[in-house]
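For reference, positions follow the sequence shown, starting with 1. Just so you know, these numbers use all the heavy atoms, side chains as well, and skip hydrogens, waters and symmetry mates.
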Amino acid sequence: MVRAALRQGPLRSAAPNAHARDAAGLTALDIANYFGFRACADELLAAAPPDDAPVPDGTLAESRALQPPGPAARPARPAMSAVFVTLGANDERRHAPPLTLDSDALRHALDAAGLPSSTHLLLRIELLEDEYGADTASDAYTADVSTLLDASSAHAASPTPGAQTWQPPALLYSVCPERAVLRLDLVALADHVLAPRSEPRLVARALVALPPTFLPAFSEREPGRFLPMCVTGASHLQAVFHAMATGDAIGEANLEAVVSTPFAGRPPGDACAHGRGGEWLRPGHTLIYGHRGSGMNCRPADRPGQLQLGENTALSMAQAVRDGAAAVEFDVQLTRDLVPVIYHDWIVAETGFETPVNALAQAQFMALNPRARPLRTRRSCADLVDPPAPPIWANSTETVQAPFATLRELFDGLPAGVGFDIEVKYPMPDEADSVGMSTSFEINLFVDRILDTVYGSAPRPVVFTSFHPDICLLLAHKVRGDYPVMLLTDAGMSAMADRRCNGIDVAVSLCKWAGLAGVVTHVGPIVQSPRVAALVRRRGLALATYGGLNNAPEHIRLQQAYGVDVVIADNVRGAVATVRRAQGVAPAASA
C-alpha cells in the first residue's frame with residue numbers, strides 16, 4: 001500500500017509529500033520506524049531522505065498518533081511469586097488463538113444451564129493455591145469473551161508475523177506456585193436490568209498447572225553432573241473448558257504462563273542500600289558505553305586501521321574505561337555448573353564444534369583461553385563446516401586475544417566506579433531453534449545465579465538489559481527497584497518471532513506496564529527518524545541505542561541533539577571525543 005501510494009498517490013491524486021506531517025507532527029517514516037514496520041520504512045526512505053525537523057513543542061504526539069500503553073503493573077508483593085499470564089502466544093510462529101469455542105457445544109451448554117444462546121460471556125482467570133481447587137483464589141483477571149473470539153478470528157485470517165497486537169498480560173500472585181493451578185471460568189454476565197438480583201452464572205471451567213519453577217534437592221549436590229533443564233520456550237499451556245451442566249468439552253484456551261519467584265539473596269527492606277543503579281544516567285548528558293568492552297569483533301576489513309581486542313574480555317573492558325567509557329556493556333550466560341561467564345554467542349565456536357555455553361563446565365570454558373598462554377593461536381568458527389555468521393568471533397586469530405572472564409572476575413577486577421551494563425542472555429525460542437538449543441536452564445534459576453554474583457559483590461552502578469521480555473519481567477520483580485532494568489529491541493531491523501520484540505512502540509508499552517527504566521533500541525530507526533527518540537523520552541523512559549551506526553560522529557551528534565541518554569559504541573575513544581566536543585569539553589588524552 002505504501003509503494004502504491006508513493007507511485008501514484010491515493011485515489012490517483014498527486015503523489016504525496018513524504019515529509020508531510022500529521023496533527024501530532026509526525027511523518028509517515030516516523031510512524032513506520034516507531035512501530036517497527038521495516039518494509040514500509042525502506043520504501044519511504046527510497047522515496048525521500050529523512051527530515052530531521054523536531055516535533056513541535058508541547059504537542060503530545062503519542063496521544064494522537066500512537067496507541068497509549070496499558071495500565072501500570074501493580075507493585076510487587078514481598079515474599080510472593082508473580083505469575084504473568086498471556087492469552088494466546090507471544091511466539092508468532094505458534095498459531096495459538098487465545099480462545100476457541102465450539103458454537104454447537106456452547107449452545108447446548110447454555111441451554112442445559114437455562115441460559116439463552118445470546119448470553120454475554122466473560123473469561124475469568126484466577127490462581128488457586130490449593131491443589132484440590134478449593135476456593136482459595138487470589139485476585140482475578142477478567143476479559144471479554146467476544147473480544148477474545150474476535151482476536152482468534154483475526155489470528156486465523158492473518159497469521160503472518162506482526163499482524164497481531166500486544167496486550168499486557170494478567171498479573172497474579174502466589175505464595176507457593178508449585179502447588180498452584182490456574183482456574184479459567186466462562187461466566188455468564190448477569191443482566192441487572194432484566195434481573196436486578198441475579199448473580200453471574202458459571203458456564204464452563206478449565207484447570208491447568210503452572211510450569212515448574214524448582215529443581216530436585218539433590219541436583220546441585222552432585223558436581224560434574226548435568227543439572228535438570230527445561231525445554232526452551234516451554235511456558236505454553238493449553239486449557240480445555242468443560243461445561244458445568246453437561247461435562248462436555250466446549251472449547252479451549254491457549255496461554256503462556258511465566259512464574260517469577262522472589263530472589264532469596266536480596267537484603268531485606270524496601271530500599272536496599274546495595275543498589276546504586278541511579279548513577280548509570282546523567283540527566284541532560286549523552287553517555288558512551290563500551291560495546292562488549294572496547295567493541296565487538298569484526299573482520300579487519302570492516303574496521304581498517306583499528307586494533308581489535310578480544311570482545312567481552314577483561315582486557316577489552318579495561319581499555320574501554322581508559323578511553324573514557326562511562327560504563328561497559330557485556331553479555332552474561334551460565335555454564336553447565338551455573339557459573340555466570342562473559343560470552344555473547346550461544347555457540348562457543350572456539351571449541352571447533354557447535355557447542356553451546358550451557359554444555360560446558362566453567363573449567364572447560366575457561367580452558368579455551370588459558371591465562372598462561374593468552375596469545376596462542378586456536379581454533380575459531382572458521383573451522384566449522386557450516387559456520388554461522390559472522391565468521392569473526394571473540395578471541396579469534398584476527399584479534400588481540402585474552403582469557404575469558406567470569407562475571408565475578410569483572411566485579412573484582414575493574415574499578416568500583418565503572419558502571420556495568422549487564423545484558424542477560426537467555427535464548428528466545430526462535431534463537432534456540434536456529435542453533436539447536438532444545439533445552440535451557442529454568443528461567444528463575446538462571447536469573448538468580450546472576451543476581452547472586454551481583455548482590456554478592458561490592459556496589460557499583462549497574463543496569464540490567466535483555467532482549468528477552470520475560471527476563472526483564474523477572475529482573476524487575478526480583479530486584480524491586482535496586483537496579484534499573486531496560487528492554488532491548490531490534491525495532492524491526494530484523495524480524496523476531498516474539499511479537500514483543502519487533503517495534504519500539506511495543507517496547508515502550510511493555511516498559512511502562514512493567515515499571516522498567518527504559519528502552520535500548522537498534523540505532524537505525526533513531527537515525528532515520530530522530531523524533532522517535534522524543535516520543536520515548538516523553539513517556540518518562542530512558543533511551544539507549546546500539547548498532548554499527550553509533551561509530552559515526554554525525555549520528556552521535558544527532559542523538560545528542562534529540563536527548564538520547566546512552567550511546568553504546570564500538571569505537572569508544574572516537575565516540576567519547578565526539579560527545580565532549582559537542583559539550584565544549586576538550587577530548588581527554590588516552591593512554
Side-chain angles (χ1 to χ4, degrees), residues 2 18-69 162 165-166 281 284 286-287 465 467 486-496 499-513 516-550 552 554-569:
V2 169
H19 298 311
R21 297 164 180 262
D22 63 6
L26 301 176
T27 67
L29 181 61
D30 294 336
I31 296 172
N33 275 315
Y34 189 79
F35 285 99
F37 301 149
R38 190 70 255 144
C40 295
D42 290 341
E43 291 289 342
L44 291 163
L45 281 170
D51 176 21
D52 295 341
V55 177
D57 292 337
T59 300
L60 296 178
E62 62 271 21
S63 67
R64 300 182 183 180
L66 308 174
Q67 182 178 1
T165 58
W166 175 81
L281 284 181
T286 297
L287 300 181
T465 62
F467 279 101
M486 299 183 73
L487 175 64
L488 276 156
T489 177
D490 210 34
M493 298 300 290
S494 59
M496 301 290 291
R499 71 179 71 253
R500 299 169 292 179
C501 302
N502 288 319
I504 297 175
D505 69 309
V506 176
V508 168
S509 297
L510 193 150
C511 288
K512 293 297 292 183
W513 180 85
L516 305 185
V519 177
V520 185
T521 179
H522 192 288
V523 68
I526 302 298
V527 169
Q528 295 173 7
S529 299
R531 283 174 296 277
V532 170
L535 299 179
V536 177
R537 300 291 285 114
R538 286 177 182 176
R539 294 289 195 181
L541 298 173
L543 178 62
T545 65
Y546 71 93
L549 295 178
N550 277 346
E554 62 272 20
H555 296 150
I556 297 175
R557 289 192 294 267
L558 179 66
Q559 294 178 74
Q560 273 187 286
Y562 279 84
V564 173
D565 295 291
V566 174
V567 171
I568 303 173

Report yes if the side chains of [X] and [Y] come closer than 4.5 Å at any heavy-atom pair, otherwise no.
| X | Y | result |
| --- | --- | --- |
| Asp22 | Ile31 | yes |
| Val519 | Val508 | yes |
| Pro530 | Leu558 | yes |

Would the distance check show the side chain of [X] and the main-chain N or O of [Y] forming a donor-acceptor pair, the cut-off being under 3.5 Å?
| X | Y | answer |
| --- | --- | --- |
| Asn550 | Thr545 | yes |
| Asp30 | Ser529 | no |
| Asn502 | Ala495 | no |

For [X] versus [Y], what's the shortest heavy-atom pair and its separation?
| X | Y | answer |
| --- | --- | --- |
| Gln528 | Leu29 | O-CD2, 3.7 Å |
| Gly547 | Val523 | CA-CG1, 4.2 Å |
| Ile504 | Ala491 | CG1-CB, 3.8 Å |
| Gly25 | Arg531 | O-CD, 3.9 Å |
| Met496 | Cys501 | CB-CB, 4.0 Å |
| Leu44 | Ala32 | CD1-CB, 4.3 Å |

State the OG1-CD1 distance between Thr465 and Ile568, to the nearest 0.5 angstrom.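 Thr465 atom OG1 to Ile568 atom CD1 measures 6.5 Å (nearest 0.5 Å).
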
With rounding to the nearest 0.5 angstrom, report the CZ to CG distance, Phe35 to Asp505.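 These two atoms lie 4.5 Å from each other.
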
The test is side chain to side chain contact (heavy atoms under 4.5 Å, CB included); show your working for Asp42 and Arg38 and say whether it passes. CA-CA 6 Å; Asp42 290 341; Arg38 190 70 255 144; 3.3 Å; yes

For residues 520-541, pull every pair meeting ring pair (Phe, Tyr, Trp, His ring centres under 6.0 Å), keeping only residues two or more places apart or in separate chains.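 Matches after skipping sequence neighbours: His522-Tyr546.
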
Please list, chain by chain and in numerical order, all residues satisfying side-chain contact (heavy atoms from CB on, under 4.5 Å) with Ala533, sequence neighbours excluded.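 For Ala533 the side-chain contact (heavy atoms from CB on, under 4.5 Å) partners, ignoring immediate neighbours, are Ile526, Leu543, Tyr562, Val564.
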
Side chain to side chain contact (heavy atoms under 4.5 Å, CB included) between Leu26 and Leu535, worked out: CA-CA 10 Å; Leu26 301 176; Leu535 299 179; 4.1 Å; yes

Contact list for residues 560-569, test salt bridge (Lys or Arg N to Asp or Glu O under 4.0 Å), sequence neighbours left out: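 Only Arg537-Asp565 qualify under salt bridge (Lys or Arg N to Asp or Glu O under 4.0 Å).
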
Donor-acceptor pair between Thr286 and Gln559 side chains, under 3.5 angstrom: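 Short answer, no.
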
